[in-house]
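This report refers to the structure that appears directly beneath it.
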Amino acid sequence: MLYHSVCQRSRVLALPVGVRSILRHHIVSRQYSGGASQSSLTIGGNTYPSDSWTNAPQSIIAQYDRRLHVQPNHPLSITRRLIESCFPGFQHHNDLPGVVSVDQNFDSLGFAADHPGRARSDTYYINKDTLFRTHTTAHEVEVFRANTSNGYTIAADVYRRDAVDRTHYPIFHQMEGALTWDKSQFESNDHFLHQLQTDLKNFKSPSIEVQDPNPPFHKESNPLQEKYHSAIEAELIGAHLKRNLENMAVTLFREADKALKASGQEAVLEDKDPLKMRWVEAFFPHTSPSWELEVWWRGDWLEVLGCGVIDQPLLIRAGVPTRMGWAFGLGLERLAMLLFGIPDIRLFWSKDARFLNQFDESKPIRRFQPFSKYPAAPRDVAFWLPKAGPVVAETPATTSSSPSPAGGNATEPTLSETPTFHENDLMEVVRGTAGDSVEDVTCIDNFTHPKTGRQSLCYRVTYRSLEKTLTNEEANTMHEQIRQELVSRFGVELR
Ligand code: PHE
């Protein structure tokens, strides 16, 4: 979910060659993008010309602007409000529109021209200059430029082409937070530093074990912005950021514990295996130094957020050169899934009263009670690829514990050839045909013929509706459509 973090990269690089992330460097436009064939697209009442970059499908456009993060009593809205409550005095921006420019989403944040997040395989383009935002950071520059508060949060829907499984959905929600100080408002630099130190003294300590083995910054692995920040400034801003986010995480996970206890589940575990946290060095184009916060909860390290000291050139571009400070970003779905015990990310989109009526923002958080689990109908599709060449195929959700680890890593090895097949294109065909009736798509076989060199892939598509039992016939019809679509779009040969 976060753009290229170091810890994610080490997990990714441990995987065999051929996995998607290794190939993320290719931002070249490829033939299989599943874009719109009309000359314009209408999104949220606005019309945009389409071009060879267009790859935003109708299924995404139709779901634009559902605004789940502000829908009263929706679990995403409850989670957003809980996070907002950790930042008193901040301004909360919850209405920023999801169609943004390439400049807002990437250029203004210092993303390199060949950053993998820009790839058409990962991002929904409306045309070459316009896209569905892939992260809430897309709004940082404009919010800094408006300069209406020291602290702010932004919650919004974000869009990424990705795997189909229970923790990945092409639209999810992020929350961004930032706090800056205007140094020109202080009598002297010492007064500014004194303010940071006083804040730090006054913070309550998080009351759980926090592991933070790395230095405040590191020349190679996590540099200070030497040109703009003194060592003490970077150190104090970093510490300020960490105390704020540790306390926020404790609030969230204590709520999750309370909800779990109230449901009568796993009450013993917590005392035997208490909550703890750790800071991991990370990399984002728009912060330095950068970190991720991971939380040990119920037997797992969970990646909760990415953060860092805001890139000073970004603040300069935003017209506030005398400000400096910190920012963080997190994914709301995975926190809400954990708080409420929601097992499938598709449920957030449900209009079913059996789902929606379970949540009440005026009451303590209660665990979701599954109303029923309808049977799964798995179907396999195997095919020969049209020609030899690099292929991006992997079993989803193996690269990271977080939903939607789109973005890859700028330091990953670059392959010299364009991929002939990208798994995200297949995911798109599945979504476009079967929509939310599919729970999971997994690559179960990847085989190269020893003599001919032809490559064959086999995917298991698990059909399961959240709302009804799918008949065999319904599953077969959808599956046949997907098979035919794969042939007509990618020229594969079915096996
Ligand atoms: N924009 C980052 C992402 O989507 C998250 C982030 C936000 C990291 C703010 C640091 C600061 O992956």
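Every value quoted in this text rests on a predicted model; they were computed, and no experiment measured them. As the structure lists them, so they are numbered: ligands from 1, and atoms in each ligand from 1.
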Original post:
Under a 4.0 Å heavy-atom limit, does Arg160 contact ligand 1 with its side chain, its backbone, both, or neither?
Top reply: side chain
Closer than 4.0 Å to some heavy atom of [X] - which atoms of ligand 1 meet that?
X	value
Gly329	6 (C), 7 (C), 9 (C)
Ala327	11 (C)
Phe328	7 (C), 9 (C), 11 (C)

[X] N/O under 3.5 Å from ligand 1 N/O:
X	result
Thr137	yes
Glu176	no
Glu140	no

**OP:** Kindly check if the number of other-residue, nucleotide or ligand heavy atoms within 6.0 Å of CD (Gln71) is above 12?
**Re:**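 Above 12, so yes.
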Original post:
Which of parallel (below 30°), tilted (30 to 60°) and perpendicular (above 60°) describes Phe348 and His74?
Top reply: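 It falls in the tilted class, 30° to 60°.
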**OP:** Hey, can you tell me if Phe111 and His135 have their rings parallel, tilted or perpendicular (30° and 60° cut-offs)?
**Re:**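 Perpendicular: the ring planes of Phe111 and His135 meet at over 60°.
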**OP:** Indicate, with yes or no, if the rings of Trp349 and Tyr169 have centres closer together than 6.0 Å.
**Re:** yes
Subject >> Pair Phe368 + Phe355: ring centers closer than 6.0 Å >> reply: yes
**OP:** Could you list the residues that satisfy ring pair (Phe, Tyr, Trp, His ring centres under 6.0 Å) with Phe87, not counting sequence neighbours?
**Re:**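 So Phe87 forms a ring pair (Phe, Tyr, Trp, His ring centres under 6.0 Å) with Phe90, Phe328.
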Subject >> Closest to atom 10 (C) of ligand 1 (judged by heavy-atom distance), picking from Gly331, Pro285, Ser288, Cys307 >> reply: Cys307
